[in-house]
Amino acid sequence: MSSLPSQLSARVETVAGIDPELRAATKPQFGHFQSNVALRLAKSEGVPPRQVATRIVAELDVDDLCEPPEIAGPGFINFRLKSSVLADFVTTQLADPAHGIVASATPQVVVLDYSSPNVAKQMHVGHLRSTIIGDCLDRVLSAAGHQVIPQNHVGDWGTQFGMLVEQIIETETDVAALTLASAEEVYQQANAHFKSDEDFATRARQRVVALQSGDVATRAIWRQLIDISLVGFNEAYGRLNVRLSDRDLAGESMYNDDLPNVVTDLEESGAAVMDDGALCVFVEGFNSPMIVRKRDGGFGYSATDLAAIRHRVRDLHADRLIYVVGSPQTFHFEQVFAVARKSGFLPDDVSAEHVAFGQILGADGKKFSTREGTAVTLSSLLDAAEEQASPPIAIAAIKYADLSTGLNKDYVFDIDRMVQTSGNTGPYLQDAHARMAQVLRRAEAEGLTTQTLVSVLDEPAEQTLALVLSGYGEVIAEVAMTLQPHKLCSYLYDLSGALATFYEQCPVLKAEGPVRDSRLALCLATKQVLASGLTLLGIEALERM
RNA sequence: GCCCCCAUAGCUCAGGGGAUAGAGCAAAGGUUUCCUAAACCUUGUGUCGCAGGUUCGAAUCCUGCUGGGGGCGCCA
């Protein structure tokens, strides 16, 4: 079912000739939707805006959808939907298993790269954002009808494993007995050892070569480090109610054997050249080259990312590549995408987007650092939150605090703010849902049958609630396109606000006859949309608080 | 040196050409014989960083500044 504003918009466009840029009305007295189309046409037509508006309104045929449009201010056209139209729409929405979400007419294969923690390091607050945002996008894109292939690009390869394995061997550490937390301690020791002891550093570098060449003993320790790390990661995913699992793993090491092939492709196409001993790709517009292979023969992470793109396009048949990675990597991804285009790994009909998010900063406004031990681990954050509320509510608080803000800004990590339960928060939305559940439980206890028909919308609060409900499908489509979860948060908060007013002004169970039935149906529709939206945010919709 | 992001109420943030710039928090007051008070209602708050420009119209677009953060060939 196409949305009400899009139906209306199409009607206006046939008369006006241009997109009316229909917007939600900024004030209740301006109706439900407003258009500035007359203002924009006035100049080219050489006629005063209000006169243009008058002509458009006269020619417009929207009687079946709206009350007679009104011309206001300098020449705005204001539209108010008929309450019967809204009622019918919400009735249809109530019966729709998708609650008004419209599956995309052009479903895509979306490869979604997110979370990507590093092996032998605990997840810290910095990984929270990628994991939560990625999980939300996974859910939203799937709901919008796309086939999402999550890729957890875990950091399981690279030079740090040389010193890590070397440290384990030299200290005769029992790897099997390590947990993710204790493995991280070994990592920190190895890092310090690497800096302070030149001989150790040399042995660590040799160990990298051993790892890459497939030395059995080295690989065995490396593999064990991965396994204990995965236990820790999965525990965190479980607590966060994130859908990632082992089948989504696509770590850096997966591309290792493919790197020489990528290099061959790059060399044969002439994209890559040797410069100062390193294999580089120079791309116009970038003041530094992308290093594919380092002077010492090792591959940089750009090579891995190129191999990943090639794999995702060629083998996974992606139409859209999405990377949920922090904004410090912006330059890197611009360059990788440019190189991938240039070298043919990334065809023009496959889009590639970096969903860049701001960093989480410490209370001092500075970046957290794992090395200096100032990072708050993800598990300690969850522990702290769960001291203040039960797990589903604590998780809701944390996720919503993160998702409800625009992606591009850094934010200061403030646990007290994150676990707030009043105002524009996750728990508030859960509460709104639980209150609807309560009303419906009471209705059932009183022997009232489930209502499926929204028939009466006489009260302004009823109309407003129905209007907001009817906009759900559009919001989901917008988030699927723009990849901005905070718009879904804003929507659900608006919906809860409309619900609060309705709940205050319109008795449900104390009403009678068709009014009560209609309000019960409205409650059920609201509950369903809240539940759907919360689920897409990765937040549990609770029946009781 | 070059590039990117950010600057809106006391605080945290929405709004990204269109009507009188909005929320939450904090502050003050009120609401419970009434469908859950993790709720609801009321009250006050602005040099939209600064200066030009484009436009009928700029918080929004352009240019230049200022301030903060990030990035820029061998860490990933």
Side-chain angles (χ1 to χ4, degrees), chain A residues 21 23 25-27 29-30 34-37 39-40 42-43 48-49 72-76 78 116 118 153 155 157-160 252 275-282 285-302 304-305 326-332 334-335 356 358-359 361 365-367 389 393 397 401 404-406 408-412 414 416-417 420-432 434-443 446 486-487 489-490 493-494 496-497 500-501 503-511 516 519-520 523 544-545:
Chain A
E21 296 181 8
R23 300 284 164 81
T26 52
K27 306 269 182 197
Q29 65 265 33
F30 297 152
Q34 61 187 40
S35 172
N36 59 22
V37 68
L39 294 164
R40 286 181 286 126
K43 194 171 186 185
F76 289 98
N78 294 333
S116 309
N118 291 315
H153 195 71
W157 201 249
T159 51
Q160 74 272 24
E252 292 168 347
D275 191 87
D276 197 18
L279 187 68
C280 300
V281 180
F282 290 86
F286 294 86
N287 57 12
S288 57
M290 192 185 89
I291 305 233
V292 179
R293 192 180 57 217
K294 298 179 286 186
R295 205 181 311 162
D296 67 4
F299 296 101
Y301 80 139
S302 295
T304 306
D305 278 334
S327 56
Q329 300 296 327
T330 300
F331 174 81
H332 168 69
E334 282 176 3
Q335 191 170 43
Q359 302 179 79
L361 307 173
K366 298 260 171 72
K367 190 176 165 181
I393 295 172
S404 60
T405 277
N408 50 351
K409 288 187 184 177
D410 293 349
Y411 75 83
V412 174
D414 178 347
D416 293 330
R417 185 181 68 83
Q420 285 270 342
T421 58
S422 59
N424 188 1
T425 66
Y428 172 78
L429 298 181
Q430 288 177 309
D431 182 61
R435 274 191 288 161
M436 284 305 96
Q438 172 70 3
V439 171
L440 294 165
R441 271 196 301 272
R442 295 272 306 230
E446 291 178 20
H486 80 275
K487 297 201 166 166
C489 294
S490 298
Y493 185 65
D494 288 345
S496 299
T501 305
Y503 193 59
E504 196 67 20
Q505 297 180 357
C506 304
V508 178
L509 298 176
K510 291 186 179 60
R516 183 185 59 194
R519 287 179 181 172
L520 276 170
C523 285
R544 297 173 196 273
M545 289 288 278

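Across A21(B) and C62(B), the matching C1' atoms stand 22 Å from one another, rounded to whole Å. To the nearest whole angstrom, the two C1' atoms, one in C56(B) and one in G10(B), are 37 Å apart. Only the C1' atoms considered, C13(B) is 9 Å distant from U8(B), to the nearest whole Å. Comparing the P positions of C74(B) and G67(B) gives an interatomic distance of 30 Å, to the nearest angstrom. One P atom belongs to U60(B), the other to A19(B), and the distance between them is 13 Å to the nearest Å. Look at the C1' atom in both A28(B) and U45(B): the space between them is 13 Å, to the nearest Å. A distance of about 32 Å separates the P atoms of G29(B) and C48(B), rounded to the whole Å. Rounded to a whole angstrom, the distance from the C1' atom of G30(B) to that of G70(B) is 48 Å.
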Below 3.5 Å is the cut-off: list the nitrogen or oxygen pairs between protein and nucleotides 73-76 of chain B, distance only.
unit_1, atom_1, unit_2, atom_2, d
C74(B), O2, R295(A), N, 2.5
C74(B), N3, R295(A), NE, 3.4
C74(B), N4, D276(A), O, 2.8
C74(B), N4, D276(A), OD2, 3.1
C74(B), N4, R295(A), NE, 3.3
C74(B), N4, R295(A), NH2, 2.9
A76(B), OP1, K294(A), NZ, 3.2
A76(B), O3', E252(A), OE1, 2.9
A76(B), O3', E252(A), OE2, 2.6
A76(B), O2', E252(A), OE2, 3.3
A76(B), N6, Y301(A), OH, 3.1
A76(B), N1, Q329(A), NE2, 3.3

What protein N or O atoms touch nucleotides 57-61 of chain B N or O atoms at under 3.5 angstrom, if any, and at what distances?
none

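Residue A72(A) is in base contact, counting any heavy-atom pair closer than 4.0 Å across all strands shown. Counting any heavy atom pair closer than 4.0 Å across all strands shown, P328(A) reaches sugar-phosphate atoms only and no base atom. At the heavy-atom level, Y493(A) lies under 4.0 Å from the strands shown only through sugar-phosphate atoms. Here G358(A) lies out of heavy-atom contact (under 4.0 Å) with every strand. When heavy atoms are screened at a 4.0 angstrom cut-off, F76(A) is found touching base atoms of the nucleic acid. Nucleic acid contact for S327(A): none, since no nucleic acid atom lies under 4.0 Å from a heavy atom of the residue. At a threshold of 4.0 angstrom between heavy atoms, the contacts of C489(A) with the nucleic acid are absent. As judged by a 4.0 angstrom heavy-atom cut-off over every strand, D305(A) is placed among residues making no nucleic acid contact.
Rounded to the nearest 0.5 Å, atoms OG (S302(A)) and CD (Q335(A)) are 6.5 Å apart. Atom CZ in F282(A) sits 4.0 Å away from atom CG in D275(A) (nearest 0.5 Å). In this structure, S496(A) OG and L429(A) CG are separated by 4.5 Å, a value rounded to the nearest 0.5 Å. In this structure, the separation between CG on L440(A) and CG on L520(A) is 6.5 Å, given to the nearest 0.5 Å. From H486(A), atom NE2 reaches atom OG1 of T405(A) across 8.5 Å, with rounding to the nearest 0.5 Å. Remark: S327(A) OG to K409(A) NZ distance equals 13.0 Å, nearest 0.5 Å.
Both K43(A) and G73(A) sit near RNA chain B, but only G73(A) has its closest nucleotide nearer the 5' end. Projected onto RNA chain B by closest heavy-atom contact, N78(A) and R442(A) fall at different nucleotides, the more 5' of which corresponds to N78(A).
The side chain of R435(A) lies closest to U36(B), out of A38(B), U36(B), G18(B).
When the P atom of A23(B) is taken as reference, atom NZ of K27(A) falls 8 Å away, rounded to whole Å. With rounding to whole Å, Q420(A) atom CD is found 6 Å from C25(B) atom C1'. Look at CZ on R544(A): it is 16 Å from P on C35(B), rounded to the nearest Å. Between E504(A) atom CD and U42(B) atom P there is a gap of 10 Å when expressed in whole angstrom units. As rounded to whole Å, 7 Å separates atom P of G16(B) from atom NZ of K487(A). Here A39(B) presents its C1' atom at 15 Å from CG of N424(A), a figure rounded to the nearest Å. In this entry the distance linking CZ of R23(A) with P of G16(B) reads 7 Å, nearest Å. Rounded to an integer number of Å, the gap from NE2 of H486(A) to C1' of G15(B) is 9 Å.
Of all non-hydrogen atoms in N78(A) and Q34(A), the two that sit nearest each other are OD1-CB, 3.4 Å. The shortest heavy-atom contact between P48(A) and A42(A) is C-CB, 4.3 Å. For the residue pair N118(A) and G155(A), the shortest heavy atom distance occurs at OD1-CA, 3.5 Å. Across A389(A) and I393(A), no two heavy atoms sit closer than the pair CB-CG2, 3.8 Å.
R441(A) CZ: more than 12 foreign heavy atoms inside a 6.0 Å radius.
Of the side-chain N and O atoms in Y428(A), one or more sit less than 4.0 angstrom from OP1 or OP2 of C40(B).
The main-chain N or O of Q359(A) is found under 3.5 Å from a side-chain atom of D410(A) such that the two form a donor-acceptor pair.
A donor-acceptor pair shorter than 3.5 Å cannot be found between the side chains of R435(A) and Q438(A).
Remark: R516(A) pairs with no residue by the salt bridge (charged side-chain N to carboxylate O under 4.0 Å, His left out) rule, at least two apart or across chains. Every residue meeting the side chain to side chain contact (heavy atoms under 4.5 Å, CB included) condition with P507(A), not counting sequence neighbours, appears here in chain and number order: K510(A), R519(A).
Ring geometry for F286(A) against F331(A) counts as perpendicular: the plane angle is over 60°, on a 0 to 90° scale with 30° as the lower cut.
Helical stems in RNA chain B, defined as runs of 3 or more consecutive Watson-Crick or G-U wobble pairs with both donor-acceptor distances under 3.5 Å, are listed by first residue as B:1-7 with B:66-72, B:10-13 with B:22-25, B:27-31 with B:39-43, B:49-53 with B:61-65.
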- Go along nucleotides 1-7 of chain B 5' to 3' and tag each nucleotide: B for a protein heavy atom under 4.0 Å from its base, S when only backbone or sugar atoms are that close, - otherwise. -B--SSS
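Side chains of Y301(A) and W157(A) form no contact here, defined as non-hydrogen atoms less than 4.5 Å apart.
In G71(B) the O4'-C1'-N dihedral to the base is more than 90° from 0, which defines an anti nucleotide.
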